[in-house]
**Student:** 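One structure is given below, represented as structure tokens, and several questions about it will come after.
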Number of protein chains: 2
Amino acid sequence: MAREIIRHNAIYMQVADQLAQAITAGEYEAGSKLPSETELMETYGISRPTARAAVSELRTMGLVESRHGRGSFVRPQSAPTSALARTITRSGKRYGVPELEAKEQPCVTRVHVLGTHAELLQRREEDADDAFSADHLMTDPGTGARISHRVIIPLDVASEAPALAETPDAPVADLYAHLAEAGHTLTWQEYVTARTPLPDEREVLGLTDASPILITYRVTYGTGDRPLLCEELHTAAARSRLVYRITPEKAPAKRPRPAKS
Amino acid sequence: MAREIIRHNAIYMQVADQLAQAITAGEYEAGSKLPSETELMETYGISRPTARAAVSELRTMGLVESRHGRGSFVRPQSAPTSALARTITRSGKRYGVPELEAKEQPCVTRVHVLGTHAELLQRREEDADDAFSADHLMTDPGTGARISHRVIIPLDVASEAPALAETPDAPVADLYAHLAEAGHTLTWQEYVTARTPLPDEREVLGLTDASPILITYRVTYGTGDRPLLCEELHTAAARSRLVYRITPEKAPAKRPRPAKS
DNA sequence: TATCATTTGTTCGTATGTATC
DNA sequence: CGATACATACGAACAAATGAT
């Protein structure tokens with residue numbers, strides 16, 4: 001019954017495992033050169049495609065990085081990551097977010113609210129609500145890592161706070177301010193996931209490999225917990241680390257039980 | 001000056017790009033079968049290794065899943081992900097965390113505080129401080145996804161709150177309570193990153209592929225912002241989504257500038 | 001500056017094994 | 001059993017980037 005989840009019989013996998021263990025055990029220093037494919041062929045008595053497959057595994061594991069004409073190098077275990085604070089500050093009526101360096105002019109388009117955005121903004125996909133989409137490309141001052149940032153502003157929200165429709169590409173702190181001025185009491189919630197980047201995402205973020213990207217959706221809620229905005233942020237997981245401050249909340253007298261009829 | 005970051009010249013990459021776009025555009029339904037390698041060879045006029053390389057790219061992108069003897073199938077775009085709330089509630093002196101189902105008996109070991117743990121607990125690696133490590137294997141009740149959870153309790157912290165040393169494998173809510181009883185005012189901060197799992201991590205979490213895992217480090221700070229505990233949580237990014245509530249903080253009159261001399 | 005050896009990247013061909021239907 | 005499909009493995013060749021001569 002117990003089905004083998006992973007096949008370790010394959011030669012290239014055995015070689016990859018051995019090398020992975022050696023790397024994680026610290027037998028190869030960070031930045032040091034892995035044996036070349038030719039050397040692997042000789043030491044393990046395998047063919048070139050097999051050696052390549054083993055190194056390819058290490059690459060997708062994020063353990064090594066291959067450079068054309070030079071070799072494969074061990075990536076630093078705990079890479080120089082910069083902390084990306086996902087906090088919001090408030091001074092009076094003005095909300096602030098950690099500053100990032102803008103790299104390009106923001107780009108505004110009209111989109112339909114679909115998929116995760118529809119789910120988080122609590123809209124049905126069938127309605128295909130229109131929205132503004134403001135795309136920003138920024139850099140993390142710490143590491144220089146690129147960050148792509150998109151703000152989705154549903155049209156009905158924009159019509160309630162016209163300042164949003166005029167400058168949907170403004171910094172999010174301004175968008176928050178406009179919503180606060182429109183009488184909303186703002187709260188936020190953030191959803192974090194990760195996945196391997198698609199080719200075009202790789203290009204946008206300047207990634208050379210298929211190492212994962214962190215994706216966060218920040219939803220701004222207004223009065224009555226109505227979702228107003230949805231921001232989507234992409235960043236290379238290997239270079240940045242998200243930081244959240246967790247503030248304890250008052251526990252309700254009776255724990256709400258998720259409906260599951 | 002503008003260096004080409006990604007080569008799209010490669011045939012297998014071009015094929016992978018086309019297929020990836022078709023999949024993300026919804027031309028293939030979730031769960032539907034991709035053209036077989038033989039079909040790809042014919043339609044694109046390429047060899048078998050090239051067709052395989054293209055499909056392999058799609059696999060590491062997490063777009064498709066290949067099954068021996070059957071074919072490659074499109075993975076659901078927005079997989080059934082469950083939300084993993086990373087919140088802490090408080091009722092009186094008792095702190096609560098969202099409940100997870102324990103899958104195995106916790107396992108306690110003695111470890112040195114190294115790497116990221118040392119960094120977050122603000123200890124120097126050279127000191128190689130001893131600590132308890134309590135490993136829990138749990139499941140997300142929503143999706144049944146496995147979650148591995150490790151608590152690092154430095155020995156000096158344990159000696160200040162002896163209850164910690166007695167039952168380091170207790171639920172974290174109990175650990176928090178013990179620290180609060182020892183006179184600490186607790187605050188938390190969480191660091192999120194992601195990476196491709198190592199073979200043994202794959203096995204622990206029951207993953208069949210190399211799709212990314214989300215890693216969160218939750219640090220518990222006591223009085224004077226002294227780091228007391230470090231929790232590390234691993235979960236498959238494809239099946240879970242972390243949820244953070246963001247509470248605005250009062251902005252300091254003058255923004256503290258990170259020292260960088 | 002030019003050449004050469006080394007190393008990875010890409011592509012083909014071919015063969016065999018093994019799971020599924 | 002046979003056909004189909006993916007998995008593994010070998011061999012071979014050339015391209016392209018790199019670093020040293």
Side-chain angles (χ1 to χ4, degrees), chain A residues 1-19 28 31-75 199 202 207-210, chain B residues 1-19 28 31-61 63-75 199 202 208-210:
Chain A
M1 214 65 217
R3 181 163 61 99
E4 264 293 337
I5 295 188
I6 306 162
R7 295 178 46 108
H8 278 142
N9 324 9
I11 297 176
Y12 78 94
M13 262 301 197
Q14 293 180 32
V15 175
D17 269 15
Q18 285 193 31
L19 291 172
Y28 290 100
S32 69
K33 192 174 162 302
L34 215 65
S36 75
E37 294 170 0
T38 322
E39 287 172 308
L40 290 178
M41 289 168 62
E42 288 163 3
T43 54
Y44 289 97
I46 55 180
S47 70
R48 176 115 194 275
T50 307
R52 276 191 69 74
V55 178
S56 171
E57 277 297 306
L58 299 177
R59 250 196 316 270
T60 62
M61 282 187 239
L63 289 177
V64 305
E65 195 167 332
S66 299
R67 278 181 239 175
H68 198 159
R70 292 186 57 189
S72 294
F73 299 86
V74 177
R75 286 173 67 161
R202 255 190 254 185
L207 302 175
T208 59
D209 51 12
Chain B
M1 212 65 212
R3 180 165 62 97
E4 262 294 337
I5 296 188
I6 305 161
R7 299 176 43 105
H8 275 146
N9 324 10
I11 297 176
Y12 78 93
M13 261 301 196
Q14 293 179 32
V15 175
D17 268 16
Q18 287 194 30
L19 290 172
Y28 290 100
S32 70
K33 192 174 163 301
L34 216 64
S36 75
E37 292 173 1
T38 321
E39 287 172 307
L40 290 177
M41 289 167 63
E42 288 163 2
T43 54
Y44 289 96
I46 56 180
S47 73
R48 178 165 257 276
T50 307
R52 273 194 70 74
V55 177
S56 171
E57 275 299 304
L58 299 176
R59 252 196 314 271
T60 62
M61 283 187 241
L63 288 177
V64 306
E65 196 168 330
S66 300
R67 278 181 243 175
H68 198 154
R70 292 186 58 191
S72 295
F73 300 86
V74 177
R75 286 173 68 165
R202 255 190 254 186
T208 59
D209 51 14

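Everything numeric here is computed off the predicted structure, so don't read it as measured data. Numbered from 1 within each chain, the chains take letters A, B, ... in sequence-line order.
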**Student:** Which residue is it: V64(A), D17(A), V15(A)? I am looking for the one with a side chain to side chain contact (heavy atoms under 4.5 Å, CB included) to L58(A).
**Tutor:** V64(A)
**Student:** Specify the separation, in whole Å, of atom CE of M41(A) and atom P of dA9(D).
**Tutor:** 14 Å
**Student:** Of the nucleotides dT20(C), dA5(D), dT11(C), which has the atom closest to the R70(B) side chain?
**Tutor:** dT20(C)
**Student:** Taking only N and O in the side chain of Y12(A), is any of them less than 4.0 Å away from OP1 or OP2 of dA9(D)?
**Tutor:** no
**Student:** Specify the residue among G69(B) and S36(A) whose closest nucleotide of DNA chain C lies further upstream toward the 5′ end.
**Tutor:** S36(A)
**Student:** In whole Å, what is the span from the CD1 atom of I11(B) to the P atom of dG13(C)?
**Tutor:** 11 Å
**Student:** Using whole Å, report how far NE2 of H68(A) lies from C1' of dA17(D).
**Tutor:** 5 Å
**Student:** If you check every side-chain atom of S72(A), which of dC6(D), dC10(D), dT8(C) has the closest atom?
**Tutor:** dT8(C)
**Student:** For dT1(C), which nucleotide in any strand shown is its Watson-Crick or wobble partner with both distances under 3.5 Å?
**Tutor:** none
**Student:** After noting the C-alpha distance and the side-chain angles of V55(B) and S66(B), does the key distance pass the side chain to side chain contact (heavy atoms under 4.5 Å, CB included) rule?
**Tutor:** CA-CA 9 Å; V55(B) 177; S66(B) 300; 4.0 Å; yes
**Student:** Without decimals, in angstroms, what is the distance between R48(B) CZ and dT14(C) P?
**Tutor:** 13 Å
**Student:** Starting at CD of E65(B) and ending at C1' of dA5(D), how long is that distance when rounded to a whole Å?
**Tutor:** 16 Å
**Student:** Between atom CZ in R52(B) and atom C1' in dT8(D), what is the gap in whole Å?
**Tutor:** 8 Å
**Student:** On DNA chain D, nearest-nucleotide positions of I46(A) versus T38(B): which is more 5'?
**Tutor:** T38(B)
**Student:** State, yes or no, whether a side-chain contact exists between Y12(B) and S47(B) at a heavy-atom distance under 4.5 Å.
**Tutor:** no
**Student:** If every non-hydrogen atom of Q18(A) is compared with every non-hydrogen atom of Y44(A), which pair is closest and at what distance?
**Tutor:** OE1-OH, 3.5 Å
**Student:** For the side chain of E39(B) and the backbone of S36(B), is there at least one donor-acceptor N/O pair under 3.5 Å apart?
**Tutor:** yes
**Student:** Using whole Å, report how far CG of L40(A) lies from P of dT6(C).
**Tutor:** 17 Å
**Student:** Think T50(A) has a side-chain N or O under 4.0 angstrom from the OP1 or OP2 of dC10(D)?
**Tutor:** yes
**Student:** Starting at the 5' end of DNA chain D and moving along, which residue's nearest nucleotide shows up first, R59(B) or R67(A)?
**Tutor:** R59(B)
**Student:** Take the protein atom CD of E39(A) and the nucleotide atom C1' of dA5(C), then report the distance between them rounded to whole Å.
**Tutor:** 14 Å
